[in-house]
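Remember, it's 1-based here, ligands and their atoms both numbered in the order they're listed.
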Amino acid sequence: MKIRGQHYRTIWLNDDGWSVDIIDQTKFPHLFEVTSLQTMEQAAVAIKDMLVRGAPLIGATAAYGLALQMRSDSSDAALEQAYQTLHATRPTAINLKWALDRMMAILKPVQPQDRTEAAYKAAADICDEDVEINAAIGRNGLEIIRRLSEAKGGALVNILTHCNAGWLATVDWGTATAPVYMAHDAGIPVHVWVDETRPRNQGASLTTWELGNHGVPNTVIVDNAGGHLMQHGQVDIVFVGTDRTTANGDVCNKIGTYLKALAAYDNNVPFYVTLPSPTIDFTVHDGVREIPIEERSGLEVSHLTGKTENGSIETIQIVPDGTELANPAFDVTPARLVTGLVTERGVVEASAEALAKAFPERAS
Ligand code: MRU
C-alpha cells in the first residue's frame, strides 16, 4: 500500500539489516508511527498489545520474533522457549501457530550457528507468500464484484465489511480489502460500509483510514446498522476476513461477524469470507465448541480513546464506576451461513469436502 506516495508493507527489515520495523497500529488513525523490534520479547509484546494485529500479520511478526531470538541465542532451549512465549501471545488466530510451526520445522534440523540466517530467510518467505496469497484472493474476489457490477448494469456496488481484514491486518493488500482495491483500480464503482467494530474500533480507526488512503469511497457505520442497511437493499455483498476457519468451513472472526452473517442470510445478501490457506485449521471440526476465543480486558469495553477538539489524544470512561464487563474478542459463523470462501486457489464452498479438495496437502 502507498502512504504519501511511498510503498509500505506492514512489516519489513530495518536498514540495519536485522531489526524489524512495524507500524504501531495502537496509534491509528491519528498518528502514523513506525517502531523497531529488536528482541523476541518486543515482538511478543507487539502482538499481545496489538501494535500489530490481524491473523496474517500476527503470524509474520511471530516468525520475525523467532529470528530475533536466534540472533541473541540460537540454542535448542532458546528456540523452544521463544516458540512458547510467542505462541502464548494471542490464542485465536491460527496463523500464529502456523507460522511458528513452519519456522520450527525449518530451524530445528539446522545447526545453531546457522539458525539466524535461516530464520530471517524463512520469516521473509512467510511475508512474501502472504503478499502473493492476498493478491490471488484479490483477483478471485474481484471476479465476484465484477459479476455483481455487471448484474447491476454498472451501478455502484455496496460492500459491507467488519473489523479490519485489510492491508494493516496482513503484510500487504489485505484479504477482505484486496478484491475491493482491485475492483476500484479496475474502474468498477464500489463503496464500502465499514462496521466500526467495537470495542477496539478496527473499522473506524484502521479500515476507513486505509480505504480512504487508497481513494475507495467508504462510510463508517455503528456495528448495529448493518442489518437495517441490508433490509433496505443498501448492501450488495459482505466480505469479511477470518482468524481461523475449521476443516468444515466454520469461520471464526472478530466479534459481531456472526450477527452480520445472520442478517445477510435473512436478507439474501451474499456473505463471503476471504480466506488465506494458512488460516485454515484442519485439526478443528466444530468451530463453536473447539476454537479458543480470546477474552480481552474489560477496559476495552469501559473506555474509549480518541482525539479531542484541541487535538490531544485522551481516554475516557463510558460506564459507571465498578461496572461488570465481558469482552469476548471473536465469534464463530457456522459454515451454513457462508456463501463462499475466497481463497488463493479460487472460491471454495464452506464444507469439509470442498476445503479438503482445494488444499489436499494441508487436509491430510
Ligand atoms: O483482534 P484483531 O484486530 O487481530 O482481529 C482481526 C480480525 O478479526 C480480522 O478480521 C482477521 O484477523 C482477518 S485479517 C485478514
Exercise for review: Can you pull out the closest protein heavy atom to atom 10 (O) of ligand 1? Residue, atom name and distance to 0.1 Å, please.
Suggested key: N253 OD1, 3.0 Å
Review point. Looking only at heavy atoms, which two atoms of N134 and A178 are closest? And how far apart?
Key: O-CB, 3.5 Å
Review point. Same cluster or not: are I133 and V273 linked, directly or through other Ile, Leu, Val, Met, Phe, Trp or Tyr residues, by side-chain heavy atoms under 4.5 angstrom apart?
Key: no
**Study point:** Contact check, side chains of F271 and Y265, non-hydrogen atoms, under 4.5 Å
**Key:** no
Check your understanding: Where's the contact between T242 and ligand 1, heavy-atom distance under 4.0 Å: side chain, backbone, both or neither?
Key -> backbone
Review point. Of all the non-hydrogen atoms in the protein, which one sits nearest to atom 6 (C) of ligand 1, and at what distance?
Key: R53 NH2, 3.5 Å
Review point. What atoms in ligand 1 come closer than 4.0 Å to a heavy atom of M50?
Key: 1 (O), 2 (P), 3 (O)
Study note, to complete from the structure: the protein heavy atom lying closest to atom 15 (C) of ligand 1 turns out to be T175 OG1, 3.1 Å
Check your understanding: Which pair of heavy atoms, one from R244 and one from V284, lies closest together, and at what distance?
Key -> NH1-CG2, 4.3 Å
Review point. Under 4.0 Å between a Lys/Arg side-chain N and an Asp/Glu carboxylate O for R345 and E361?
Key: yes
Practice item. Using non-hydrogen atoms of the residue, decide whether E294 is closer than 4.0 angstrom to ligand 1. Key: no
Practice item. Look at D130 together with R9 and state whether they make a salt bridge at an N to O cut-off of under 4.0 Å. Key: no
Review point. Do Y258 and F330 have their ring centres less than 6.0 Å from each other?
Key: no
Exercise for review: With heavy atoms only and a cut-off of under 4.0 Å, state how A55 meets ligand 1: side chain, backbone, both or neither.
Suggested key: both
Exercise for review: Please write down residue, atom name and distance for the protein heavy atom closest to atom 5 (O) of ligand 1.
Suggested key: K254 CE, 3.3 Å
Point to revise | Nitrogen or oxygen of G54 less than 3.5 angstrom from that of ligand 1 | key: yes
Revision key, fill the gap. Note: P56, heavy atoms under 4.0 Å from ligand 1, region reported as side chain
**Study point:** A93 near ligand 1 by a heavy-atom separation under 4.0 Å
**Key:** no
Point to revise | Heavy-atom proximity to atom 8 (O) of ligand 1, best of L206, D243, T279 | key: D243
Check your understanding: Which atoms from ligand 1 have a heavy atom of Q202 less than 4.0 Å away?
Key -> 1 (O), 2 (P), 3 (O)
**Study point:** Stepwise salt bridge (Lys or Arg N to Asp or Glu O under 4.0 Å) test for R115 and D76
**Key:** CA-CA 10 Å; R115 279 182 180 156; D76 286 356; 2.7 Å; yes
Exercise for review: Flag the pair R147 and E150 as a salt bridge only when some basic side-chain nitrogen lies within less than 4.0 angstrom of an acidic carboxylate oxygen.
Suggested key: no
**Study point:** For R90, atoms of ligand 1 separated by under 4.0 Å from a heavy atom
**Key:** 1 (O), 2 (P), 4 (O)
Practice item. Considering non-hydrogen atoms only, spot the tightest contact between V192 and T161 and give its length. Key: CG1-CG2, 3.8 Å
Revision key, fill the gap. When every non-hydrogen atom of G212 is compared with those of N218, the smallest separation belongs to N-ND2, 3.7 Å
**Study point:** Nearest neighbour in protein (non-hydrogen) for atom 14 (S) of ligand 1
**Key:** A169 CB, 3.5 Å
Practice item. Decide whether the shortest distance between a heavy atom of A329 and an atom of ligand 1 is less than 4.0 Å. Key: no
Check your understanding: Which is it for N164 and ligand 1 at heavy atoms under 4.0 Å: side chain, backbone, both or neither?
Key -> backbone
